[in-house]
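These notes are about the structure you will find just below.
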Amino acid sequence: MYFRTSKHYLTFLNLIKRMNKTINLAYFLICIIIITSCASNKSVQTNTDRENFNKQFFTNKLFYGAMKKKFKDKKEISILDSDHLITNKPVVYFNKEIKIGVSDNNSLENDLYAKYYIINSDLAYVVFWANSIEGISFIVVNSKQDKNKWNILDVTYRNTR
């Protein structure tokens, strides 16, 4: 009981208050470090890496199968890339008997719209909207044995509404 009324008790309470502020500051700094490290995840930076990914992605058998499933007998597929997510210039890829054109030309003849095109060092997530109702998403992984080889892991067809 003497401890509560003494000068030492008040010093002890001030010490606890300072410790709480220090602990809160430490938690805050740890959160900032975690957020910064997650945000700075190594992504595909160079144009050659991105072009290599694009070529492998658009000529992949699973991408070809997804396009055949979605567009049946269509021989040319145009992808609108108005935000330059895929490339900064118009590009054409040939996948078996399908010609895939990527450009920022907004016309009524576009079959797909690039919605998300996120590429990290080992994982990529690509989403195309076929129209305002349907979307096609791809999860692409980098091979562990050969770091320059990209494989489509999953293809998902979804309604956007």
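Atom set for the values below is all heavy atoms of this structure, side chains included, hydrogens, waters and symmetry mates excluded.
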Rounded distance [0.5 Å steps], CZ in Phe138 versus CG in Leu153: 12.5 Å
For the CG atom of Asn120 and the OH atom of Tyr125, what is their distance to the nearest 0.5 Å? 13.5 Å
So how far is it from Ile86 CD1 to Leu80 CG, rounded to the nearest 0.5 Å? 9.0 Å
Can Ile77 and Phe128 be said to form a side-chain contact (heavy atoms from CB on, under 4.5 Å), step by step? CA-CA 12 Å; Ile77 297 172; Phe128 296 114; over 6 Å; no
Could you check if a side-chain atom of Phe58 sits within less than 4.5 angstrom of a side-chain atom of Val102, using non-hydrogen atoms only? yes
Pair Gln56-Asn60, side chain to side chain donor-acceptor pair (under 3.5 Å): steps then yes or no: CA-CA 6 Å; Gln56 289 185 40; Asn60 190 293; over 6 Å; no
Closest non-hydrogen atoms of Ala114 and Leu85, given as atom of the first, atom of the second and distance, are O-CD1, 3.8 Å
Is the closest side-chain heavy-atom distance between Ile98 and Lys74 below 4.5 Å? no
Would you say that Tyr93 contacts Ile79 through its side chain, given a criterion of any heavy-atom pair below 4.5 Å between the two side chains? no
Parallel, tilted or perpendicular for Phe63 and Phe57, by the 30°/60° rule? tilted
Interatomic distance, Trp150 atom CH2 to Thr59 atom OG1 [nearest 0.5 angstrom]: 14.0 Å
Heavy-atom check, side chain of Val91 versus side chain of Asn54, under 4.5 Å: no
Given side chains that start at C-beta, do those of Leu112 and Met67 come closer than 4.5 Å, heavy atoms only? yes
Between Glu134 and Asn159, is any pair of side-chain heavy atoms under 4.5 Å apart? yes
Using 0.5 Å steps for rounding, measure from the CZ atom of Phe94 to the NZ atom of Lys55. 12.0 Å
Heavy-atom distance under 4.5 Å between the side chains of Asn142 and Ser121, does that happen here? no
When you look at OH of Tyr157, are more than 12 heavy atoms from neighbouring residues, nucleotides or ligands closer to it than 6.0 Å? yes
Quick check for you: to the nearest 0.5 Å, what is the distance between Asp104 atom CG and Lys89 atom NZ? 12.5 Å
Is there side-chain contact between Arg50 and Tyr117, with heavy atoms separated by less than 4.5 Å? yes
